[in-house]
Amino acid sequence: TSDIVRLADPNLPLERTVAYELGYEHNLFDMFLFRTAAYYKDISDQSRLVRYTGYNSVPNYQVTTNNSYEDIRGFELTLTKNRGNWLQGFVNYTFMVSSSGYFGWTQYYQNPVDQRNFERSNPIQDKPIPRPYARANIDFFTPEEFGPDFSGFHPLGDVRVNLLATWNSGFYFTWVGGGSVPGVSN
């Protein structure tokens, strides 16, 4: 005998994403480009698996549903220098907040005690927690004919050094000694 472990639904609506961005760019001293932008993205009808579990785990199967969503919003600041001698590159700071969740539960138990325990320890929506990050890509270089000249050869000329840096805000978690405490998170 073979058990059914997963059911698909070919009639589910497709995932939908609606995104908005509003920005402003300004030339500074004919050397730098300053850019600021605010954005919002709404993602709906994302698919996810929902598990159904009977007494003693019989039956035990998953069904594809489209009950998941996500909202992403934030702003970014960027300063770019793409011309000139000695230094080029960009520096970026992005502040982003994301909320996600689903309608209904991701697990349904036939046993009401198991269902109540699951519902207590599995929230439907993740609370929005900001996760800012910054990036920089700086290119230092010397002109082709820089430094001493040895019969047309400039050993210090056309030397490039690139610095690629990133910074992320730390992630959030809850340590409660290996277990979980209902209602305690982050």
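Note that the structure is a prediction, hence the values are computed from the model and not measured.
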Listed by chain and number, what are the side chain to side chain contact (heavy atoms under 4.5 Å, CB included) partners of [X], not counting sequence neighbours?
X      : answer
Thr166 : Arg135
Arg48  : Thr65, Asn67, Ser68, Tyr102, Thr106
Tyr55  : Gln110, Asn111, Pro112
Arg6   : Leu49, Gln62

Phe75: partners by ring pair (Phe, Tyr, Trp, His ring centres under 6.0 Å), with sequence neighbours left out: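 Result, ring pair (Phe, Tyr, Trp, His ring centres under 6.0 Å) vs Phe75: Phe95.
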Using atom types as modelled, flag every donor-acceptor pair under 3.5 Å from a side chain in residues 77-86 to any protein atom, sequence neighbours excluded.
unit_1 : atom_1 : unit_2 : atom_2 : d
Thr78  : OG1    : Asn92  : ND2    : 2.7
Lys81  : NZ     : Arg83  : O      : 3.0
Lys81  : NZ     : Leu87  : O      : 2.7

Under 3.5 Å, is there a donor on one side chain and an acceptor on the other for Arg131 and Asn168?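 Result is no, nothing qualifies.
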For residues 19-32, tabulate all N or O donor-acceptor pairs below 3.5 Å that involve a side-chain atom, not counting sequence neighbours.
unit_1 : atom_1 : unit_2 : atom_2 : d
Glu21  : OE2    : Arg35  : NH2    : 2.7
Tyr24  : OH     : His26  : ND1    : 2.8
Glu25  : OE2    : Arg35  : NE     : 3.4
Asn27  : OD1    : Asp30  : N      : 3.3
Asn27  : ND2    : Asp30  : OD1    : 2.9

Residue among Tyr109, Tyr61, Trp105 satisfying ring pair (Phe, Tyr, Trp, His ring centres under 6.0 Å) with Tyr52: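 Single pass found, and it is Tyr61.
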Under the rule for side-chain hydrogen bond (donor to acceptor under 3.5 Å, both in side chains), what residues qualify as partners of Arg73, not counting sequence neighbours?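 Applying side-chain hydrogen bond (donor to acceptor under 3.5 Å, both in side chains) to Arg73 gives Ser99.
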Test of understanding: with side-chain hydrogen bond (donor to acceptor under 3.5 Å, both in side chains), list the residues that count as partners of Asp71, not counting sequence neighbours.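 If we apply the side-chain hydrogen bond (donor to acceptor under 3.5 Å, both in side chains) test to Asp71, skipping adjacent residues, the hits are Tyr40.
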May I ask you to list the residues sharing a hydrophobic cluster with Ile43, side-chain cutoff 4.5 Å, ordered by chain and number?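 Same cluster as Ile43: Tyr39, Ile72, Met96.
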Using links of under 4.5 Å between side-chain heavy atoms of ILVMFWY residues, direct or through other members, which residues join Leu12 in one cluster?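 In the cluster with Leu12 there is nothing else; it is isolated.
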For residues 137-146, pull every pair meeting side chain to side chain donor-acceptor pair (under 3.5 Å), keeping only residues two or more places apart or in separate chains.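 Output for this query lists Asn137-Asn162, Asp139-Arg160.
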